[in-house]
There are 2 protein chains.
Amino acid sequence: MRADAQRNAARLRAAAADLFQERGLQVSLKEIARHAGVSHGTLYNLFGSREALIDEVIADLAATRLGDAARAALACPDPWQGFAGYVTEVCELQATDPALGDVLTRRFPDASRLMAVCDNSFAAAESIIDRARRDGSLRPDFTASDLLFFLASHAPLARAAAAAGSDAWRRAVGFMLDGLRAPAGTPLPAEPMTPQQINHLLVEGAAAVSA
Amino acid sequence: MRADAQRNAARLRAAAADLFQERGLQVSLKEIARHAGVSHGTLYNLFGSREALIDEVIADLAATRLGDAARAALACPDPWQGFAGYVTEVCELQATDPALGDVLTRRFPDASRLMAVCDNSFAAAESIIDRARRDGSLRPDFTASDLLFFLASHAPLARAAAAAGSDAWRRAVGFMLDGLRAPAGTPLPAEPMTPQQINHLLVEGAAAVSA
DNA sequence: CCGTAACTTGACCCGGTGGTCAACATGTCT
DNA sequence: AGACATGTTGACCACCGGGTCAAGTTACGG
């Protein structure tokens with residue numbers, strides 16, 4: 001790879017990281033290129049697709065952020081505290097960082113590293129949930145799919161509220177958590193989605209455009 | 001108004017109703033015109049804007065659906081049952097009818113009749129909430145803004161899940177409701193949004209395109 | 001210092017959106 | 001039936017998105 005290509009790739013990565021974190025993963029590629037001071041042809045030349053760019057720019061970041069949160073949760077002596085803290089922390093990431101919000105809300109099948117991060121994250125969530133359920137503090141009918149559903153629905157509003165300077169999303173999380181404490185309140189009227197179902201949902205861009 | 005113009009307006013209204021309920025309030029106006037077998041110029045001529053069309057087509061429908069739900073809630077002898085039933089019913093509307101989902105999720109300032117419906121609905125929700133709070137069954141720190149926040153975040157995922165043939169959104173509603181029973185579980189870590197704040201949020205299209 | 005391979009560029013394609021308007025058609029009233 | 005108002009049409013505008021590629025530029029090894 002020639003030196004100038006490397007430079008351009010670096011610039012594009014930087015611009016992409018900026019814009020992704022500022023406005024979400026769906027910013028136009030031409031705008032990223034513009035922001036990087038480079039022709040959009042170069043972007044396509046160097047990365048080929050939005051998903052590849054996302055994979056290079058966001059996967060690591062997501063892995064560390066989500067990994068940290070999960071590790072902290074499992075390190076917490078009280079399983080419920082660990083669980084509740086995890087949920088809150090992830091929601092905070094959603095409110096704070098549009099890119100991470102989209103990572104939880106959408107799915108990009110061609111971003112293989114990111115997909116791996118998501119899978120790991122899901123597995124970690126299962127551990128955290130499991131621990132709290134076994135502990136008897138989390139209601140036994142709550143599943144990781146339910147968490148993902150909640151996170152996916154929560155992301156856009158949390159982001160918007162935070163952008164508007166409000167913390168109100170914390171209230172929604174609070175209500176939810178209070179509903180999750182054992183013993184189960186009301187029996188649930190439906191089956192959870194399977195991970196495949198929810199995955200499919202997010203690939204389609206469920207929460208997006210609401211279209 | 002000439003007879004043919006009336007005919008065309010009726011066709012356009014019908015097409016708009018169809019497409020709105022099938023795909024949400026953001027379907028392209030040209031597509032509605034196409035679907036009505038009429039030039040898009042005619043649509044602009046007769047209605048002028050998307051919001052005017054929405055106002056004519058959706059406002060009544062929304063008024064009756066939401067009004068029915070609210071009336072049923074207030075008629076329910078048990079305030080908590082009334083509240084829980086109301087929330088569930090509205091969520092069901094969101095899952096079932098993309099147009100109504102959007103009504104709860106977005107705001108169209110130029111659709112004056114629809115805006116009135118929204119305001120009435122908000123007021124009705126306040127009554128329902130108030131009654132359940134006074135009854136002691138609903139936690140006292142829950143506000144109508146919190147409900148609106150929940151509904152707005154819930155709509156897109158509920159719609160997508162329902163479209164995928166899943167009832168899983170009912171679980172989310174169930175968790176939430178269990179978190180709302182008095183006595184308040186955990187003290188809330190933030191102020192609710194004011195109606196103005198949340199309105200502004202929805203006008204901006206917060207939940208949309210997650211953009 | 002020069003030739004070549006690597007790279008960049010921006011015009012261009014496609015399809016989509018909202019929106020306007022001159023030219024044309026048609027209903028309607030006398 | 002005729003004439004005018006009322007409506008309709010679809011080409012056209014500007015903008016956006018993703019994506020391609022011939023032509024021009026630039027880095028780099030010999």
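In what follows, chains are A, B, ... by sequence order, proteins preceding strands, each numbered from 1.
- Toward the 5' end of DNA chain C, the nearer of the two residues A/S39 and B/A3, judged by each one's closest nucleotide, is A/S39.
- Annotation: salt bridge (Lys or Arg N to Asp or Glu O under 4.0 Å) contacts of B/D4 (sequence neighbours excluded): B/R2.
- Considering only residues two or more places apart in sequence or on other chains, B/E31 meets the salt bridge (Lys or Arg N to Asp or Glu O under 4.0 Å) condition with B/R23.
- Looking at B/N199, B/D55, B/N120, B/D110 one by one, the single match for side-chain contact (heavy atoms from CB on, under 4.5 Å) with B/M115 turns out to be B/N199.
- Of all the residues in residues 29-38 of chain A, A/L29, A/K30 reach under 4.0 Å from DNA chain D with at least one non-hydrogen atom.
- A heavy-atom distance below 4.0 Å to DNA chain C is reached by these residues of residues 5-17 of chain A, ordered by number: A/A5, A/N8.
- When the salt bridge (Lys or Arg N to Asp or Glu O under 4.0 Å) test is applied to B/D141, the partners found at least two apart in sequence or on another chain are B/R139.
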Going by atom type alone, with no hydrogens or angles, which donor-acceptor pairs under 3.5 Å involve a side-chain atom of residues 126-133 of chain B and a protein atom two or more places apart or on another chain?
residue : atom : partner : partner atom : Å
B/S127  : OG   : B/A123  : O            : 3.3
B/D130  : OD1  : B/R133  : NH2          : 2.8
B/D130  : OD2  : B/R134  : NH1          : 2.9
B/R131  : NH1  : B/C76   : O            : 3.3
B/R131  : NH2  : B/A73   : O            : 3.0
B/R131  : NH2  : B/C76   : O            : 2.7
B/R133  : NH1  : B/F142  : O            : 2.5

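- The separation between A/M1 atom CE and D/dG29 atom P is 15 Å, rounded to whole Å.
- Remark: P of D/dG17 and CG of A/L43 are 13 Å apart, rounded to the nearest angstrom.
- The interatomic distance linking A/H40 (NE2) with D/dG19 (C1') rounds to 8 Å, in whole Å.
- Not one N or O on the side chain of B/D102 forms a donor-acceptor pair closer than 3.5 Å with the backbone of B/T105.
- Within the structure, side-chain hydrogen bond (donor to acceptor under 3.5 Å, both in side chains) pairs that include any residue of residues 5-17 of chain B comprise B/R13-B/E56 (at least two apart or interchain).
- Within the structure, side-chain hydrogen bond (donor to acceptor under 3.5 Å, both in side chains) pairs that include any residue of residues 63-76 of chain B comprise B/D68-B/R71 (at least two apart or interchain).
- Taken from CG in B/L53 to OH in B/Y44, the straight-line distance is 10.5 Å, to the nearest 0.5 Å.
- Side-chain atoms of A/R181 never come within 3.5 Å of backbone atoms of A/L138 as a donor-acceptor pair (strictly under, hydrogens ignored).
- Nearest heavy-atom pair, B/S145 versus B/T194, reported as atom, atom and distance to 0.1 Å: OG-C, 4.0 Å.
- Scanning for salt bridge (Lys or Arg N to Asp or Glu O under 4.0 Å) contacts around B/R113 gives B/D60, with sequence neighbours left out.
- For the side-chain hydrogen bond (donor to acceptor under 3.5 Å, both in side chains) condition, the pairs that include at least one residue of residues 162-171 of chain B, sequence neighbours left out, are A/D146-B/R171, B/E92-B/R170, B/D167-B/R170.
- Of all nucleotides in DNA chain C having an atom under 4.0 Å from a heavy atom of chain B, the first and last in 5' to 3' order are C/dT17 to C/dT28.
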Shorter than 3.5 Å, N or O on both sides, protein versus nucleotides 21-26 of chain D: list them out with atom names.
residue : atom : partner : partner atom : Å
D/dT26  : O2   : A/R2    : NH1          : 3.0
D/dT26  : O2   : A/R2    : NH2          : 3.2

